[in-house]
Every structure is written in C-alpha cells, then in structure tokens.
There are 2 protein chains.
Amino acid sequence: MADVIPAQAPGHSNGASGLTDQETVALIELMFFAYRDFVSDPDEILAQFGFGRAHHRVLHFVGRDPGMTVQQLLDILRITKQSLGRVLKELIDKGYVYQKEGESDRRQRLLHLTAAGDALRQRLMGPQMERIRRAAALSGGGAAQACRRTLYNMVSPANRAAVRDWIERASVLGDEAGKRG
Amino acid sequence: MADVIPAQAPGHSNGASGLTDQETVALIELMFFAYRDFVSDPDEILAQFGFGRAHHRVLHFVGRDPGMTVQQLLDILRITKQSLGRVLKELIDKGYVYQKEGESDRRQRLLHLTAAGDALRQRLMGPQMERIRRAAALSGGGAAQACRRTLYNMVSPANRAAVRDWIERASVLGDEAGKRG
DNA sequence: GTAAATATGTCAACATGGCTGACGTAATTC
DNA sequence: GAATTACGTCAGCCATGTTGACATATTTAC
C-alpha cells in the first residue's frame with residue numbers, strides 16, 4: 001500500500017482508474033482550489049448579513065426540501081445538534097427560517113424558509129450557479145455531466161444511497177415545486 | 001444575465017453550459033457532499049496526531065513544492081500569516097517541517113518537510129488518492145479527466161493562472177523529484 | 001397504561017482555525 | 001541612509017465545530 005506511489009514511472013496510468021499519479025494529485029488539489037473559490041462568492045454575501053457558511057448550508061438544504069425534519073438536516077450536514085442549534089436559532093430569530101409542528105408526528109419541528117429566507121437562499125445560489133454554468137460552458141456540457149458522476153463516486157460508498165436519494169428527489173420536486181411529495 | 005434562471009422550464013438545458021437547473025444544483029450539492037467525504041479520511045488520521053485540516057494543507061503543499069517561501073504558501077492557502085504561523089509553528093516544533101534560510105534572499109525561510117513530515121503527508125494522501133482512483137474507475141478515466149477540467153474552470157478566472165502554474169509545475173517536477181527546478 | 005425510545009432544545013465548557021491590529025527584526029532595494 | 005520586504009509574534013476576537021448532561025413532549029412497545 002505504501003509503495004503504490006514510488007513504484008511507478010511518472011506519466012504512467014494506474015490500474016482501473018486510468019489516471020496517472022500526477023493526474024490523481026491534480027484532482028486532489030483541484031478539489032481544494034475549486035472548493036476554495038466555490039464558496040467565496042456566498043461568503044461575501046453572507047458577511048453582509050452577519051451570517052457564515054453554516055447558515056448558508058441550512059438555508060440551502062431547507063429551501064431545497066421544505067418541511068424536512070431537524071434530524072434529516074443533521075444527517076446531511078454531519079454536525080451535532082448543538083452546532084446546528086446555534087445557527088438555526090439565529091436564522092429563526094432573524095426571520096429566515098420557521099418551524100412547523102409535524103402533523104403525523106407532533107414531536108417534529110419541520111423546517112421551512114420564510115420569504116426572506118428563500119430570497120437570501122436564491123441570492124446565495126446565484127453566483128454558484130453562474131460559476132458552475134461558466135465552468136460547464138468552458139469544459140463542455142458533457143464534461144460537466146462527467147464531473148457530476150465523478151463527484152458522486154467520490155462520496156463514500158456508505159453515503160452514496162443517501163446522496164443519490166437526495167439529488168434524485170430534488171431532481172423530481174426541484175426548486176420550482178418547492179413542496180414535498 | 002439576471003433572467004437566465006427564472007425563464008426556464010424544468011428539465012430544459014440552459015445556454016452554452018448545456019446544463020439544466022437541476023443538474024446545476026446537483027453539481028453545487030455534490031461539491032458539498034464530495035468535499036465532505038473527501039476530507040473525512042485525512043481528518044481521522046490527523047486527529048491521532050493532534051493535528052487538524054490546517055496542518056494537512058501545509059504538509060501537503062510544502063511537500064509538493066519543497067523550498068517554497070512562506071509567502072507562496074500564504075498565497076495558496078489564502079489565510080493570514082498569523083493563522084498560518086500558528087499551525088506552522090506546531091509543525092516545526094513537532095518535527096514535521098523545517099525552514100532553511102534562502103540563499104539568494106536571506107530573509108526568506110524556505111519550507112521543507114522532514115522525513116516524518118513526508119511520511120505523514122504520504123499517509124494522509126493515501127486514502128485521498130484511493131478515493132479519487134475509485135471514483136475514476138467507477139466513472140471512467142475520461143470522466144475523471146473531464147472532472148479535472150471542470151473543477152479547474154470552477155476556479156475564479158483571476159486565480160486560474162496561479163492554479164494552472166501550480167498544477168503544471170507539479171506535473172513536471174512531481175512528487176518523485178521532490179526538488180525545485 | 002406504563003415504560004422505553006425518539007425528536008428536539010438547551011446549558012456549559014472547550015478546541016480549532018479563521019480574523020484584525022500592532023509591533024519587531026533582519027535583509028534587501030532604491 | 002531610508003524605505004520596503006519577508007517573516008515572526010503577541011493579544012484578542014469570532015465562527016463553528018466538539019463533548020457531556022439534562023429537560024420536555026410525544027410516540028412506540030410491551
């Protein structure tokens with residue numbers, strides 16, 4: 001395992017992946033560089049509202065699946081309920097998110113965005129969609145689709161089903177629907 | 001520009017990008033999910049050493065370009081020298097990084113990894129390379145190459161030259177060389 | 001119908017890793 | 001010789017993650 005890297009001539013493709021070591025490392029580094037810039041636009045907007053990335057994530061995912069439970073959000077974010085509690089409280093206090101008692105299960109506090117919350121979410125998403133579209137236009141639409149598959153396969157196998165479910169549900173209901181099935 | 005998004009039927013491809021809104025949002029979310037899992041393996045290893053992601057970044061980039069200056073590292077990480085100073089000091093104190101006075105400019109403290117630093121870097125990189133290779137094998141090598149281009153084009157235009165230079169220099173010198181030209 | 005499990009909220013304390021501002025030293029450049 | 005540059009450091013603040021403990025309401029299981 002430890003000798004995978006050294007025992008290979010530079011420029012040589014490796015196993016089933018068809019990637020050289022250099023290409024693999026390039027992808028590792030591009031994950032850093034792309035992510036670094038990917039979050040920079042929302043960060044600037046958020047700063048104007050006194051919010052951070054944690055608030056953005058909540059706004060995004062709640063807006064994507066209105067009526068989701070707190071536990072579902074925790075499962076996506078992979079943070080503790082205490083960490084979520086802090087930002088969620090702020091978003092509720094400032095009128096961007098509200099909670100509705102579950103009908104079938106009255107312990108649940110189903111999460112929804114207010115009009116202001118949805119507006120902010122759209123505003124945050126705008127530059128990111130532009131960025132993705134720009135990248136897709138430069139690389140070709142097929143490349144973007146390939147990137148989508150590759151990023152999906154970078155997700156840990158144990159988490160893929162959940163991610164696939166999330167993306168697919170979103171693809172059906174979408175933003176336009178704004179409601180759950 | 002502002003009306004690109006709303007005036008579009010769901011499932012309809014959009015402009016030059018060739019991506020529907022759903023596909024674009026899927027890519028946004030996959031950046032989150034893939035990155036979340038992408039850093040999870042190193043995080044576990046780092047915890048055993050009492051280090052965090054910030055240490056990982058320093059180890060990685062210094063190991064990638066031994067002899068780089070502090071300022072070059074700051075330009076890559078996009079953090080303040082005070083933030084870097086903290087983790088750099090720890091890495092030096094614990095014997096993973098050392099500094100060498102610049103020959104042509106003796107103000108510079110050129111950064112290098114010790115043997116222990118390089119070993120840790122390799123250990124942290126291992127799971128990430130495996131993850132990338134696994135994803136490439138599942139998606140196809142061509143998809144991974146397309147992903148590479150797309151991620152590159154997600155980088156802000158102003159930063160692309162620096163990123164390209166970095167990746168290309170790395171591709172020439174590579175890890176194997178371990179030295180600067 | 002009571003007991004256990006679940007969904008959520010909250011308090012307190014702590015760690016990491018960003019940030020700003022200020023200041024110091026050595027070396028280089030003008 | 002003065003200004004700039006490369007780097008280090010001290011002090012304090014903020015955002016956001018963590019653990020552990022505990023409370024409350026509701027649902028589920030026996």
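Quick note on labels: first sequence line is chain A, next is B, and so on, each numbered from 1.
Going from atom CG of B/L111 over to atom CD of B/Q72 covers 9.0 Å, rounded to the nearest 0.5 Å. Distance check, rounded to the nearest 0.5 Å: CG of B/D118 to CE of B/M125 gives 8.0 Å. The distance from the CG atom of A/N153 to the CZ atom of A/R149 is 8.5 Å, given to the nearest 0.5 Å. To the nearest 0.5 Å, the span separating CZ on A/R160 from CZ on B/F33 amounts to 14.0 Å.
Placement of A/L88 and A/F49 within a single hydrophobic cluster is found when ILVMFWY residues are connected by side-chain heavy-atom separations under 4.5 Å, directly or transitively. A continuous path of ILVMFWY side-chain contacts below 4.5 Å connects B/M31 to A/I45, so both sit in one hydrophobic cluster.
Counted within 6.0 Å of CD on B/Q48, heavy atoms from surrounding residues, nucleotides or ligands total more than 12; the atom is thus considered enclosed. At most 12 non-hydrogen atoms from other residues, nucleotides or ligands lie less than 6.0 angstrom from CD of B/E103.
Nucleic acid contact for A/G85: none, since no nucleic acid atom lies under 4.0 Å from a heavy atom of the residue. Nucleic acid contact for A/R86: base, since at least one base atom lies under 4.0 Å from a heavy atom of the residue. The residue B/Q99 sits close only to the backbone: its heavy atoms come under 4.0 Å of sugar-phosphate atoms, none of a base.
A donor-acceptor contact under 3.5 Å links the side chain of A/Q82 to the base of D/dG20.
Checking A/L84 against B/K89, the closest nucleotide of DNA chain D that is more toward the 5' end is the one next to B/K89. Nearer to the 5' terminus of DNA chain D, by closest-nucleotide assignment, is the contact made by B/I92 (compared with the other of B/I92 and A/R57).
Taking side-chain N and O atoms only, B/H55 has a distance below 4.0 Å to OP1 or OP2 of C/dG17.
Checked for salt-bridge contact, A/D21 and B/R133 meet the test: a charged N lies under 4.0 Å from a carboxylate O.
Taking the screw axis at each terminus of the helix from C/dG1-D/dC30 to C/dC30-D/dG1 from five consecutive base pairs, the angle between the two is 30° to within rounding of 10 degrees.
Using a 4.0 Å cut-off on heavy atoms, none of the residues of residues 34-45 of chain B approach DNA chain C.
Nearest nucleotide to the side chain of A/V87, out of C/dG9, D/dT16, D/dT19: D/dT16. In this structure, the nucleotide among D/dG17, C/dG18, C/dA7 sitting nearest to the side chain of A/A54 is D/dG17. Listed nucleotides: C/dG18, D/dT18, C/dT8. Nearest to the side chain of B/S83: C/dG18.
Among the candidates A/Y35, A/F38, A/F61, the single residue satisfying the ring-ring contact (aromatic ring centres under 6.0 Å, His included) test with B/F32 is A/F61.
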Heavy-atom protein contacts under 4.0 Å, nucleotides 24-30 of chain C, coded B base, S sugar-phosphate only, - none: ---BS--
